[in-house]
Structures are given as structure tokens and as C-alpha cells.
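All remarks here apply to the structure that follows.
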There are 2 protein chains.
Amino acid sequence: MGQLIHLSEAVSLAIHCLALVSVSEKSLNASTMARHLGASRNHLAKVLQQLVKHNFLSSTRGPGGGFTMRKAPGEITLYEIYELMEGKPEIEYCMAHGNECPFSGCVYGNIREKLTEEFVAFFRQRKISDIIPAIKPS
Amino acid sequence: MGQLIHLSEAVSLAIHCLALVSVSEKSLNASTMARHLGASRNHLAKVLQQLVKHNFLSSTRGPGGGFTMRKAPGEITLYEIYELMEGKPEIEYCMAHGNECPFSGCVYGNIREKLTEEFVAFFRQRKISDIIPAIKPS
DNA sequence: TGTATTTAGGTATTTGAATGCGCAAATATA
DNA sequence: TATATTTGCGCATTCAAATACCTAAATACA
Ligand code: FES
Ligand code: FES
């Protein structure tokens, strides 16, 4: 069914990976993470690339290579990751058709703005370090 | 950009139409409403079909035909319309891949559940009659 | 009865996200 | 140096939801 609160798989993958790399002693490669998360290796590789490009992770190629942290998990908020993968959350006009709407105030009131703000506040305050304790011992 | 709070155009159209039909003295046809809303006539027709099938509207074909209310605007909550068009809002598992996740509690905490509940509460309490006053005089 | 109007409903197209694929570049190690 | 491993990156494919189109059925009215 429809997802009211839409968080793409890419965002989830990014967050999961950052936490996994944080707790790993040696560098972690894409295939291993994909296996652990039960996700597509290809999709995950794309996400990791982004995280490297924006300096959350370092990568090393070649045998024994993989990804390591470049920022401390306490320095990374979930919001940064969200915005990196999805862009700033916007409220679109109900029906993207401009200003044809015959209603003076939006029929939705300001509920979307309110919920978006709540979401952002939560994600800004929550850090990768906060979710690390939830990792199951493997 | 990504819409965090996702409300399809179909939902917006349904709500707008119900309000417009409510204040109309005679029956309103799809083309007229599409023009007023600056929306696709075809898409709107689909939405109206649904509203007729579920007894919110009555329809009459032929010249001078169109749509009229079958329920009072004070009897219709926005939530009913949302659920009709989108289904019950569900929280999906982060990464629809089942139970492979190596985290014991979801990394998102319960923020999605919380926001969804807020949304539902708001939409349950708000009725078509509440938004009618916002219609601009045409 | 004929014609114009309007809804009904099935099907096709579009779109965007997710996924897959192939090859180049880097690097460890034998 | 040769080989296996692993990331980087562009492009192709798939898939589902949203949106558009097309024709049939109903009805008012001349
Ligand atoms: S578009 Fe938001 S109220 Fe009409
Ligand atoms: S899937 Fe929600 S925490 Fe891993």
C-alpha cells in the first residue's frame, strides 16, 4: 500500500552501512555488507559511492580493500544522510499545477509542514552513534 | 525532490472535488472541475469514478449530467477519502527485504509510527465541511 | 430517431526508483 | 610482473505506481 512517510531504500542502506562500518575493526567491503543486509550489491555500491564522495567514508581498492569511517559516528546525524540521499524535504503544492487552486488556504492545513518539521527535528538529533548499540552481535 | 510526506494527486483531487460539488447548486461535470482545478480531465475522471463507486457522489450521464453529493459534507472525513484512494497507511520494514536486518530495534526508532498516527488523527477529525469556507468565490 | 454530451471502464504510456551489468582503475600479494 | 580483488562510474534494464488515452454505454433533447 501507499507509504505515507516515504524513506527510500537508499537512505536506509546508507544509515545501516555507516553503523556497520563504524563498529567494524577492519575495512568492510560492499559484498559483505550486501550479504549482511540482504540487499542488492549493486544498489548498495551506488550508495557507498555517494558516501565516499561526500567524505563520510574512505574507500580502498584491491584485495582486502573496502570502506572505513572518515567521520566519527557521533558527528553524523541521520538528517545529513537523509538530505544527501533525498535532498531537502519539500512541501509541494497539493497538485503540482501551480496556482489554479480555488481554495484560499490549503485543504491540508499545515499538517504536512508540521510533520516534516517533526521528522527533521528527530533526524537532526539522532546520530549514527545512537543506533550502534542496536547492532546484533554476529 | 523527494516528498517526505507523500500524498498523491488522486487524494488531493478527490478532496477538492467533494468540496466543489458540495457548494454547487447544480450538478458539476468532470470537464468543468478539471478546468477549475487546472488538472488533467482524465485523471480526475478516474478519481470521480471511485467516489461514485463508494457512494460519496452520484453521477448522471448525458447532457447537463455530472456529479452531485450523496453524503453530507459534514459526514465525510478527509481520512475516509485518503484510505479510499491510497489504502491504509502502513509502515514498511526499512528495506523490504524481510528480517535480514542486523539491528535489533529499527534505526528509525518509532518516528514513522508517530508521524503516521498524527497524520491519521488530523485527517480523521477534519471534514469536507471544514474546508468549504476556504473556497474562493468564483 | 438522431445527435451531442457525459460518465464508465479497460488498456496503454510515462515516470522515477531500483537494480543489473560491464569495464576501467587501483592495489595487495605472490 | 602477473593475477586476483575491489571500488568507480556510466549505461541499460526492470518494475510498479501514476497518469493518459480510447472506446463503449447511457441519457437529454431537438
Ligand atoms: S492545492 Fe492545496 S488546497 Fe488546493
Ligand atoms: S530495517 Fe529498520 S533497522 Fe534495519
Side-chain angles (χ1 to χ4, degrees), chain A residues 1-4 6-14 16-17 21 24 26-35 37-68 70 82 85-87 90 92 94-97, chain B residues 1-4 6-14 17 21 24 26-35 37-68 70 84-87 89-90 92 94-97:
Chain A
M1 289 294 172
Q3 283 279 91
L4 174 64
H6 174 73
L7 291 165
S8 71
E9 184 171 359
V11 173
S12 293
L13 287 175
H16 281 71
C17 287
V21 173
S24 170
K26 39 191 173 62
S27 75
L28 268 182
N29 68 41
S31 306
T32 306
M33 285 191 265
R35 191 157 15 85
L37 295 172
S40 146
R41 198 203 157 284
N42 294 302
H43 193 198
L44 196 140
K46 278 283 189 305
V47 170
L48 290 167
Q49 249 174 67
Q50 287 280 95
L51 292 174
V52 169
K53 192 188 308 197
H54 290 84
N55 293 105
F56 292 98
L57 295 176
S58 304
S59 65
T60 48
R61 304 183 187 192
F67 301 86
T68 51
R70 191 137 158 191
Y82 176 87
M85 307 307 291
E86 304 262 17
E90 305 183 343
E92 276 174 25
C94 289
M95 305 179 296
H97 291 108
Chain B
M1 287 292 174
Q3 283 279 93
L4 174 64
H6 175 73
L7 292 165
S8 70
E9 184 171 357
V11 173
S12 293
L13 287 175
C17 287
V21 174
S24 170
K26 38 191 174 61
S27 76
L28 266 184
N29 68 41
S31 305
T32 305
M33 285 191 266
R35 190 155 17 85
L37 295 172
S40 145
R41 197 202 157 286
N42 295 303
H43 193 199
L44 196 140
K46 274 284 189 301
V47 169
L48 291 166
Q49 243 174 74
Q50 286 281 96
L51 292 174
V52 169
K53 193 189 307 196
H54 291 83
N55 292 105
F56 292 98
L57 294 176
S58 305
S59 64
T60 48
R61 302 186 188 190
F67 302 86
T68 52
R70 193 137 159 188
L84 172 61
M85 307 305 292
E86 303 262 17
E90 304 183 345
E92 276 174 26
C94 291
M95 304 179 296
H97 290 108

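In the text below, chain A, chain B and the rest are named by the order of the sequence lines, each starting its count at 1.
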Check: Bend angle of the helix from C:dT1-D:dA30 to C:dA30-D:dT1 from five-pair axes at both ends, rounded to 10°?
Finding: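 Overall, the helix from C:dT1-D:dA30 to C:dA30-D:dT1 bends by 10° from one end axis to the other.
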
What integer distance in Å separates [X]:[atom1] from [N]:[atom2]?
| X | N | atom1 | atom2 | value |
| --- | --- | --- | --- | --- |
| A:His6 | D:dA17 | NE2 | C1' | 12 Å |
| A:Gln50 | D:dT7 | CD | C1' | 14 Å |
| A:Leu51 | D:dT7 | CG | C1' | 14 Å |
| A:Met33 | D:dT6 | CE | P | 12 Å |
| A:Gln3 | D:dA16 | CD | C1' | 14 Å |

Item checked: Whichever of B:Asn29 and A:Leu13 has its nearest DNA chain C nucleotide further upstream toward 5' -> B:Asn29

With sequence neighbours excluded, residues passing side-chain hydrogen bond (donor to acceptor under 3.5 Å, both in side chains) with [X]:
| X | result |
| --- | --- |
| B:Thr32 | B:Asn29 |
| B:Ser8 | B:Glu86 |
| B:Ser31 | B:Arg41 |

Margin query: At 4.0 Å (heavy atoms only), tell me whether A:Ser31 reaches a base, stays on the sugar-phosphate, or touches nothing.
Written below: nothing

Note to self: Applying side-chain contact (heavy atoms from CB on, under 4.5 Å) to B:Cys17 and B:Leu48, what does each step give before you reach the verdict?
What the structure shows: CA-CA 8 Å; B:Cys17 287; B:Leu48 291 166; 4.1 Å; yes

Check: Which residues, if any, of residues 41-49 of chain A bring a heavy atom under 4.0 Å of DNA chain C?
Finding: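 A:Asn42, A:His43, A:Lys46 - these, ordered by number, are the residues of the stretch whose heavy atoms sit under 4.0 Å from the strand.
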
Next item on the list: Find the distance between CG (A:Leu28) and CE (A:Met33) and round it off to the nearest 0.5 Å.
Entry: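 It comes to 5.0 Å.
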
Next item on the list: Output the distance between atom CD (B:Glu9) and atom CE (B:Met85), rounded to the nearest 0.5 Å.
Entry: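 Nearest 0.5 Å value for the CD-CE distance: 10.5 Å.
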
Note to self: Could you report the tightest heavy-atom contact between B:Phe67 and B:Ala30, atom names first, then the distance?
What the structure shows: CE1-N, 4.1 Å

Check: Of the non-hydrogen atoms in B:Gly64 and B:Ser27, which two are nearest, and what is the gap between them?
Finding: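 Scanning both residues, the minimum pair turns out to be O-OG, 3.4 Å.
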
Next item on the list: Would you mind telling me which residue lines up with the more 5' stretch of DNA chain D, B:Ser8 or A:Gly65, judged by nearest nucleotide?
Entry: A:Gly65

Pairwise N/O distances under 3.5 Å, protein to nucleotides 23-26 of chain C:
{"unit_1": "C:dA25", "atom_1": "N3", "unit_2": "A:Arg61", "atom_2": "NH1", "d": "2.8"}
{"unit_1": "C:dA26", "atom_1": "O4'", "unit_2": "A:Arg61", "atom_2": "NH1", "d": "3.3"}

